[in-house]
Trainee: 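Pasting in a structure now, in structure tokens, and then I'll have a few things to ask.
Side-chain atoms are counted along with the backbone in the values below, which use heavy atoms only and exclude waters and symmetry mates.
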Amino acid sequence: MQEKFDVIIIGASFSGLTLAHHLPKTYKVLVVDAKPFAGSSVESTGLITTHTREEFASFFDIDAYITNPISSICVVSPNYDDYFISKTDDYWIYQTDTKALVRALAEKLSDNVTVWTGMAYDSVETHDGVSTIQLKGGGDVKIVTTTFLVGADGGHSSVAESIHQLDTNGTFLFGYEEVWIGDVLLGPLPAETIYHFWFGEFSLGYGGWLSPTTIDSKPGFRIGLAKLKKDRGDAKKLLAQFMETLTEKKIVSLPADVLKPEYRFGSFIPIGGVLKKTSFENTLLIGDAAGYCGAFAADGIKGSVISGKESALLIERYLNGERCNLAKTLREKINEHRWLIDYYTRQQRYRWIWDRMKKDRTFRAMYNIINEERAHFLDQFCDNKDRRKSLSRSVLKIKYIPKLVIYSWYIFLDFFVR
Ligand SMILES: Cc1cc2nc3c(=O)[nH]c(=O)nc-3n(C[C@H](O)[C@H](O)[C@H](O)COP(=O)(O)OP(=O)(O)OC[C@H]3O[C@@H](n4cnc5c(N)ncnc54)[C@H](O)[C@@H]3O)c2cc1C
């Protein structure tokens, strides 16, 4: 006899586990993940904004998993020698211990939720509102049934791929990151600063990042870069070069006995924008599977947590017999969280501009303009962005016309770069 669940969630990460915390305790819920256990690896730097922290705090002790509150951002120009730091009085983002956080999210679920790990979603067949799902793992095949199926299985969602009425993400960055024990030495407050490297030609697609963390009470850092999906083959080699440069320039230093990172990972980040068809009958996509991720900043944890929370309410209404366009209603509900969907739309514009830039000189020209506005630069990031201030409004000023002309000229020239 096949086991029957009210809701089956594929994916035990930020979106799937948030949803599992919010479904009514009277439901029999199954969360399935292909990994050996929840949090065994988490493909994310794990920086969360103040509002994401608040969203978590409403159901979970998030502060226990914050390693470093961050007050500053340091932007480093393509030559690695020039940089500016923009600081706020309050902390504006938080570095989390991603593995411990996801593990705890799974461990603290209530008794109505079962988590099966080491099992991958394979296929679904739906008749008369009941879905029969095939799971595979460790040579085993399990068949389970459910009245509601959720794809919380990341940017390359197998759930989305298995139901042709659902949209799938088509544009990705490939993010590659290593987590090291060691010190960051740049600027006055390294333990409270994240660093963004605008190295342009070195890694077209995103740039590099360095974020302070704590590993077993020792100072550490997370170093990463992201490339357009087609160039992902270079990511590991480029990260090694990046690390070498930061060591040479004395931006980071490693203890003598540290020869390799604690761990490393690479994964795809959906940057094509929010998908339209994210629901069909009794199936819904959330988190990265639905494209709730900033196309420019590559920030998806907020969208995962909010879509997890909001979808719980919609699923309850659906299982109570109410019918509506789940995908559209979910987007509207998510947008009530400080216009998050509008934020994703603006992020696509920034992505478009960023992808036009090809040469170091163009990144340098942009750096020169933004450096002038460094005091307000943080207004452009994360939650501050929710106030709908735009970067273009900050930099489109008469006094910057000469710099803007140079920048535009370089963008024009970059158009001819293959
Ligand atoms: C390198 C990198 C750095 C990032 N840094 C940040 C950051 O600092 N801040 C931020 O906000 N966002 C960041 N992001 C984006 C963020 O990590 C994602 O938006 C977020 O993890 C999405 O959560 P999710 O639960 O939707 O999916 P995921 O976290 O991708 O989880 C999907 C889960 O589904 C499971 N799964 C997949 N397929 C199957 C299957 N067929 N069967 C069973 N299980 C399956 C996977 O094992 C996984 O556990 C980063 C992404 C990358 C790649």
Side-chain angles (χ1 to χ4, degrees), residues 1-33 37-39 54-62 101-119 121 124-135 142-153 157 159 163 166 278-287 289-290 292 303-334 336-337:
M1 172 92 175
Q2 289 151 3
E3 202 169 348
K4 183 168 189 290
F5 295 87
D6 296 306
V7 181
I8 293 183
I9 302 166
I10 310 298
S13 183
F14 298 107
S15 57
L17 293 172
T18 301
L19 168 61
H21 274 273
H22 287 83
L23 286 167
K25 306 285 176 269
T26 49
Y27 287 4
K28 190 176 170 192
V29 178
L30 175 66
V31 184
V32 179
D33 202 292
F37 62 91
E54 284 163 10
E55 295 283 358
F56 267 123
S58 69
F59 68 98
F60 177 74
D61 178 18
I62 183 67
L101 165 57
V102 171
R103 197 166 55 236
L105 276 171
E107 282 167 2
K108 291 181 193 304
L109 287 166
S110 51
D111 292 344
N112 63 312
V113 184
T114 307
V115 181
W116 286 352
T117 50
M119 295 298 290
Y121 168 90
V124 63
E125 272 183 35
T126 303
H127 299 289
D128 300 329
V130 176
S131 297
T132 304
I133 292 164
Q134 178 162 287
L135 305 171
K142 279 192 181 176
I143 310 285
V144 281
T145 63
T146 186
T147 36
F148 205 95
L149 170 65
V150 180
D153 51 342
S157 165
V159 173
I163 299 173
L166 294 175
T278 56
S279 69
F280 179 68
E281 297 178 340
N282 64 341
T283 303
L284 181 64
L285 305 177
I286 61 172
Y292 300 132
S304 294
V305 173
I306 291 174
S307 62
K309 279 184 165 186
E310 290 293 349
S311 58
L313 300 167
L314 290 184
I315 292 167
E316 192 181 351
R317 280 164 55 184
Y318 180 93
L319 293 181
N320 284 338
E322 203 181 313
R323 292 292 174 266
C324 67
N325 181 332
L326 287 173
K328 184 165 168 281
T329 315
L330 182 57
R331 282 196 296 276
E332 285 164 5
K333 288 284 168 197
I334 291 174
E336 285 173 14
H337 293 253

Trainee: Can you tell me how far OG of S13 sits from CG of D153, rounded to the nearest 0.5 angstrom?
Mentor: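 Atom-to-atom, D153:CG and S13:OG are 10.5 Å apart.
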Trainee: How long is the span from the CD atom in E125 to the OG1 atom in T145, to the nearest 0.5 Å?
Mentor: 13.0 Å
Trainee: Going through the distances and angles, do Y292 and I334 end up as a side chain to side chain contact (heavy atoms under 4.5 Å, CB included)?
Mentor: CA-CA 10 Å; Y292 300 132; I334 291 174; 3.5 Å; yes
Trainee: Contact between V150 and I10 at the side-chain level, heavy atoms closer than 4.5 Å - yes or no?
Mentor: no
Trainee: May I have the step-by-step check of side chain to side chain contact (heavy atoms under 4.5 Å, CB included) for F37 and V115, ending in yes or no?
Mentor: CA-CA 9 Å; F37 62 91; V115 181; over 6 Å; no
Trainee: Of all the heavy-atom pairs spanning S157 and L285, show the shortest one and how long it is.
Mentor: OG-CD2, 4.0 Å
Trainee: When you check the side-chain N and O atoms of S131 and T126, is any donor under 3.5 Å from an acceptor?
Mentor: yes
Trainee: Could you pull out the closest heavy-atom pair between V144 and I8, with the gap in Å?
Mentor: CG2-CD1, 3.5 Å
Trainee: Looking only at the side chains, is there a donor atom on one of E310 and H22 sitting less than 3.5 Å from an acceptor on the other?
Mentor: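 Not at all, the side chains of E310 and H22 share no donor-acceptor pair under 3.5 Å.
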Trainee: Just wondering, do T278 and L166 contact through their side chains at under 4.5 Å, heavy atoms?
Mentor: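 Counting from C-beta outward, L166 and T278 never come under 4.5 Å.
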Trainee: Could you please spell out the steps behind the side chain to side chain contact (heavy atoms under 4.5 Å, CB included) verdict for I133 and T146?
Mentor: CA-CA 8 Å; I133 292 164; T146 186; 3.7 Å; yes
Trainee: Pick one: which of L319, L284, N282, L30 meets side chain to side chain contact (heavy atoms under 4.5 Å, CB included) with V7?
Mentor: L319
Trainee: Of all heavy-atom pairs between I286 and S307, which one has the smallest distance, and what is that distance?
Mentor: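 It is CB-OG, 3.7 Å.
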Trainee: Output yes when K142 and E3 qualify as a salt bridge under the 4.0 Å nitrogen-oxygen rule, no when they do not.
Mentor: no
Trainee: Shortest non-hydrogen contact from L19 to S311?
Mentor: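 That closest heavy-atom pairing would be CD1-OG, 3.6 Å.
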Trainee: Can I get a per-line list of side-chain donor-acceptor pairs under 3.5 Å for residues 323-331, giving both atom names and the distance, sequence neighbours left out?
Mentor:
residue, atom, partner, partner atom, Å
R323, NH1, Y318, O, 2.9
N325, OD1, A327, N, 3.2
N325, OD1, K328, N, 3.1
K328, NZ, E332, OE2, 3.3
T329, OG1, N325, O, 2.6
R331, NH1, L275, O, 3.3
R331, NH1, K276, O, 2.9

Trainee: Can K4 and T147 be counted as having a side-chain donor-acceptor contact under 3.5 angstrom?
Mentor: no
Trainee: Residues in side-chain hydrogen bond (donor to acceptor under 3.5 Å, both in side chains) with K333, at least two apart?
Mentor: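 K333 satisfies side-chain hydrogen bond (donor to acceptor under 3.5 Å, both in side chains) with no residue once adjacent residues are dropped.
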Trainee: Using side-chain heavy atoms (C-beta onward) and a distance below 4.5 Å, is V124 in contact with I163?
Mentor: yes
Trainee: In Å, rounded to the nearest 0.5 Å, how long is the span from CD1 of I143 to CD of Q2?
Mentor: 6.5 Å
Trainee: CG/D61 to CZ/F56 distance, rounded to the nearest 0.5 angstrom?
Mentor: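 That separation rounds to 12.0 Å.
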Trainee: Do L135 and W116 pass the side chain to side chain contact (heavy atoms under 4.5 Å, CB included) test, and can you show the C-alpha distance, the side-chain angles, and the key distance before you say yes or no?
Mentor: CA-CA 10 Å; L135 305 171; W116 286 352; 3.8 Å; yes
Trainee: Which atom pair, heavy atoms only, marks the closest approach of A152 to I9?
Mentor: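 Nearest heavy atoms, A152 then I9: CB-CG2, 4.0 Å.
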Trainee: Please report the interatomic distance NE2(H337) to CD1(I306), rounded to the nearest 0.5 Å.
Mentor: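 Result: 5.0 Å between the selected atoms.
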Trainee: Which donor-acceptor pairs under 3.5 Å do the side chains of residues 103-114 make with protein atoms, sequence neighbours left out?
Mentor:
residue, atom, partner, partner atom, Å
S110, OG, N112, OD1, 2.6
N112, ND2, P24, O, 3.3
N112, ND2, Y27, O, 2.9

Trainee: Identify the heavy atoms of G11 and V31 that sit nearest to each other, and give their distance.
Mentor: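 Residues G11 and V31, closest heavy atoms: O-CG1, 3.7 Å.
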Trainee: Between T18 and F14, is there a donor-acceptor pair closer than 3.5 Å when you use the side chain of the first and the backbone of the second?
Mentor: yes
